[in-house]
Protein chains: 2
Amino acid sequence: MGRPRARRDQVSIPQVARAAGVSTATAGRALGNYGSVSQQAREKVLSAAAELGYQRNDLARAIITGRSDTIGLVVADIENPFFAAAVRGVSDAARAGGFEVLLSNTDEDPDRERSAVDILLAKQVDGLVVAPTAGSTEHLVRAQRSGCPVVLLDRRLENVELDMVLVDNFRASSAVVAHLAQAGHRRIAMVTGGTRASEPAAPGQRGVSTGRDRVEGFLRGMLDAGIPDPQRYLRTAAGTPEQAHAVTTEMLALPEPPTALFASDSRVALGALRAIREAPLRVPEDISLVAFDDADWTGVVTPSVTVVSQPAQALGYRAGEILIGRIAGSEELPRNELMSTVFIERNSVGPPRAW
Amino acid sequence: MGRPRARRDQVSIPQVARAAGVSTATAGRALGNYGSVSQQAREKVLSAAAELGYQRNDLARAIITGRSDTIGLVVADIENPFFAAAVRGVSDAARAGGFEVLLSNTDEDPDRERSAVDILLAKQVDGLVVAPTAGSTEHLVRAQRSGCPVVLLDRRLENVELDMVLVDNFRASSAVVAHLAQAGHRRIAMVTGGTRASEPAAPGQRGVSTGRDRVEGFLRGMLDAGIPDPQRYLRTAAGTPEQAHAVTTEMLALPEPPTALFASDSRVALGALRAIREAPLRVPEDISLVAFDDADWTGVVTPSVTVVSQPAQALGYRAGEILIGRIAGSEELPRNELMSTVFIERNSVGPPRAW
DNA sequence: TTGTAGGCGTTATCAC
DNA sequence: GTGATAACGCCTACAA
């Protein structure tokens, strides 16, 4: 337990000023690099500060200036390699712009997201980068309106005037299906997660936009390929490797199993691949595989996995850049910035096996 | 450019107080949940606050209380899955204790680490979790001495009185060699990174402790197995997948290539594995492989990889817990807390091939 | 329970 | 260029 611990006894500007034999104002100017100070005074102040071990207090400064030089970053789960890279990108942009990053994980829980935003706002972040989970958007709009700019990362939100940095998930997904159909597949499965791990994301229903867009792109691809009953092998309740594993195992046991499988991200692909291995089935002889996200391992498994590569780090960096522009006062109309995915063809797709 | 943007016009406690017809102090008590306020007054204040859109300012509070309810987290690179998991652990512990997390990446650069610590200190973090890179330790000691407790994560530091949460890298490494020797291997390679990507970490020299300990554990294992010239296949300048790839390729081209390879982390393993694939060699028929870190993919490649699993997330969580204890006032002597690794035997180790 | 007054460490203002 | 002094928004006495 222990008592609330006495306040850290920090050396303050008045103390430094006294030691240097100048006024508080002059010491403040020398230490804070603003206004004008004579070379002589500056030196006295600086050496006194060094001697006393002065540490500036950015909080007190932030109260006055109204800027904390800190941005808030809200993501679902930093352990997902996609988000880890995106966080890295935001961090780099922040650093380049002289900002620090306050990080929050939501685990796709709307309540946690809301409360995270509230807390970050109370901590006076100058702006917010959010990969929004499903649910209400009013806390984000409120933040923006209260003067704290918000940039959305990776996931769209409808009916809000916010900057967004995205990827065209719909198009990338339908292209995957086209590729598979081109190879001769008709029984194409898609395994993906919903809003939360437990809630399925049916097309047109709620769930994060990436999930929805990928599903709709999948369905559109199936339609374009003239494949009937496109939902036959669509599984939308598999957001974790474990769920993906279970769902895939179940599909592979079907009398007419799919001949190709499309995984909505690298962790889903991992679960699906494990199920395939355990079946045991060979890729691509028995079943073809395509996944979203060029996770580091996809190039090293045998066979290497054909993927849709997303520029995760660049997405984060760009979101950070745009946010910093807003903080600096940019008043342009909010807009959606689309970054390109790259379809990386490797060795996990082959012609369908005749079951 | 745009001007420095006018200060966000936030509603303050005095304003709420005026609207509610009470004093600043009463409003502050109602809003801050301290002292005592009558039910009636509280309601008036709360509804006035809601009406005006009051947002509390944690910075102003922090100036007074001396506590920011924020901890600083300094790691090398959040994109490394090990650190991503550790960060997640620290985040969870922080959340559980009512703290937010200010995150900094150092890229193993001592200067960036020092400056990160300074900035976090200026932002008045209540404590620091650091995975220290090599270099001086004085900034950490100074932080601790100035009243900001510091807990080291994953990496030891000599001659400092700080809490550390670690794993026994030396023992785990020598056990790996023992396992390999047991399988009959004599030409055992180790591929690992040094301090920075560019600087090799020779035993007994500088470099992060994990690297050093693993190398020394490796050498000890070789010694115990009675293998002469243990440094023959020791490569300490491979911290990235790319470098690991290059170094491994070079070793595999030797007249007498190693028959087993020990990778110091999952990213090194990735690079090494790619080199092995390109050789092309088979695992484990042509070469055996063991790696540190149970990255998600190690179980799904063929063959699955035998690994030393580290409790990355638990390590982070524990570091956070200990730090929060310190912040609460714990005065125990600093100590090293060792968490257990698990040797997970899979299918990447076989008898040596007779080259 | 409530209000007044003062202070936290900084920056902003305005004379000198 | 410099110094006194007033903010910033909040919490903490202390008195009523």
Side-chain angles (χ1 to χ4, degrees), chain A residues 3-46 48-49 52-69 121-124 126 146-147, chain B residues 3-4 6-46 49 52-69 121-124 126 146-147:
Chain A
R3 60 234 133 36
R5 187 179 201 75
R7 161 122 76 305
R8 220 185 292 171
D9 50 340
Q10 295 202 124
V11 182
S12 66
I13 289 188
Q15 291 175 46
V16 174
R18 215 168 306 135
V22 298
S23 73
T24 307
T26 299
R29 284 189 275 253
L31 260 11
N33 270 332
Y34 59 93
S36 44
V37 199
S38 68
Q39 188 55 28
Q40 196 180 8
R42 159 168 288 115
E43 277 166 17
K44 277 194 299 185
V45 171
L46 259 33
L52 297 179
Y54 169 78
Q55 269 275 5
R56 74 173 192 285
N57 185 332
D58 281 348
L59 265 36
R61 158 182 294 179
I63 285 196
I64 307 223
T65 61
R67 308 175 83 260
S68 63
D69 292 333
L121 247 28
K123 288 201 185 298
Q124 311 297 112
D126 296 332
S146 83
Chain B
R3 58 236 137 28
R7 161 122 76 303
R8 220 184 292 170
D9 49 339
Q10 294 203 126
V11 182
S12 66
I13 289 188
Q15 291 176 48
V16 174
R18 215 168 306 136
V22 298
S23 73
T24 307
T26 299
R29 286 188 273 254
L31 260 11
N33 272 331
Y34 58 90
S36 44
V37 198
S38 68
Q39 188 56 28
Q40 196 180 8
R42 159 169 287 116
E43 278 165 17
K44 277 194 299 185
V45 171
L46 260 33
L52 297 179
Y54 169 79
Q55 268 276 6
R56 74 173 192 284
N57 186 333
D58 282 348
L59 264 36
R61 159 182 295 179
I63 285 196
I64 307 222
T65 60
R67 308 176 82 258
S68 62
D69 292 335
L121 247 28
K123 288 201 185 299
Q124 312 296 115
D126 296 333
S146 84

Whole-Å gap separating C1' (D:dA13) and OH (B:Y34)
12 Å

Could you grab the distance from atom CG of B:D58 to atom OG of A:S68, nearest 0.5 Å is fine?
11.5 Å

Would you kindly give the CZ-to-C1' distance between B:R61 and D:dC8, to the nearest whole Å?
16 Å

For the residue pair B:R29 and B:V37, what are the closest heavy atoms and their distance?
CB-CG2, 3.5 Å

Would you compute the distance between atom NZ of A:K44 and atom CD of A:Q39 and round it to the nearest 0.5 angstrom?
12.5 Å

Which atoms form the tightest heavy-atom contact between B:R61 and B:G32, and what is the distance?
NH2-CA, 3.8 Å

Taking the nucleotide of DNA chain C with the nearest heavy atom to each, does B:A41 or B:A60 sit closer to the 5' end?
B:A41

Any protein N or O atoms within reach of nucleotides 14-16 of chain D? Criterion: under 3.5 Å, listing atom names and distances.
none

Provide, to the nearest angstrom, the distance between the CZ atom belonging to B:R67 and the P atom belonging to D:dC11.
14 Å

Over all atoms of both residues, closest heavy-atom pair of B:L31 and B:A49
CD1-CB, 4.0 Å

Atom CG of A:D126 and atom OG1 of A:T65: how far apart are they, to the nearest 0.5 Å?
8.0 Å

Length of the line joining A:K44:NZ and D:dG1:P, which is rounded to integer Å
15 Å

Any base atoms under 4.0 Å from A:S38, or only sugar-phosphate, or nothing? Heavy atoms, all strands.
sugar-phosphate

Let me know the distance between CG of A:D58 and P of C:dT11, rounded to the nearest Å.
9 Å

Please pick, from C:dT4, D:dC10, D:dT2, the nucleotide with the shortest atom-to-atom distance to any side-chain atom of B:S12.
D:dC10

Reckon A:T26 has a side-chain N or O less than 4.0 Å from the OP1 or OP2 of D:dT2?
no

Closest nucleotide among D:dC10, D:dC8, C:dG3 to the A:I64 side chain:
D:dC8

Nearest-Å distance, CD (A:E43) to P (D:dG1)?
15 Å

Give the rounded distance in Å between these two atoms: CG of B:N57 and P of D:dG9.
8 Å

The side-chain contact (heavy atoms from CB on, under 4.5 Å) partner of A:Y54 among A:V45, A:L46, A:I13 is A:I13

Do the side chains of B:N33 and B:R42 get nearer than 4.5 Å, heavy atoms only?
yes

Send over the distance from B:Y54 OH to D:dG9 C1', rounded to a whole Å.
8 Å

When you get a sec, tell me which of D:dC11, D:dG3, D:dC10 is the closest nucleotide to the side chain of B:T65?
D:dC11

Check DNA chain D against residues 13-24 of chain A and give the residues with a non-hydrogen atom under 4.0 Å, in numerical order.
A:V22, A:S23

For the CG atom of A:L121 and the CD atom of B:Q10, what is their distance to the nearest 0.5 Å?
7.5 Å

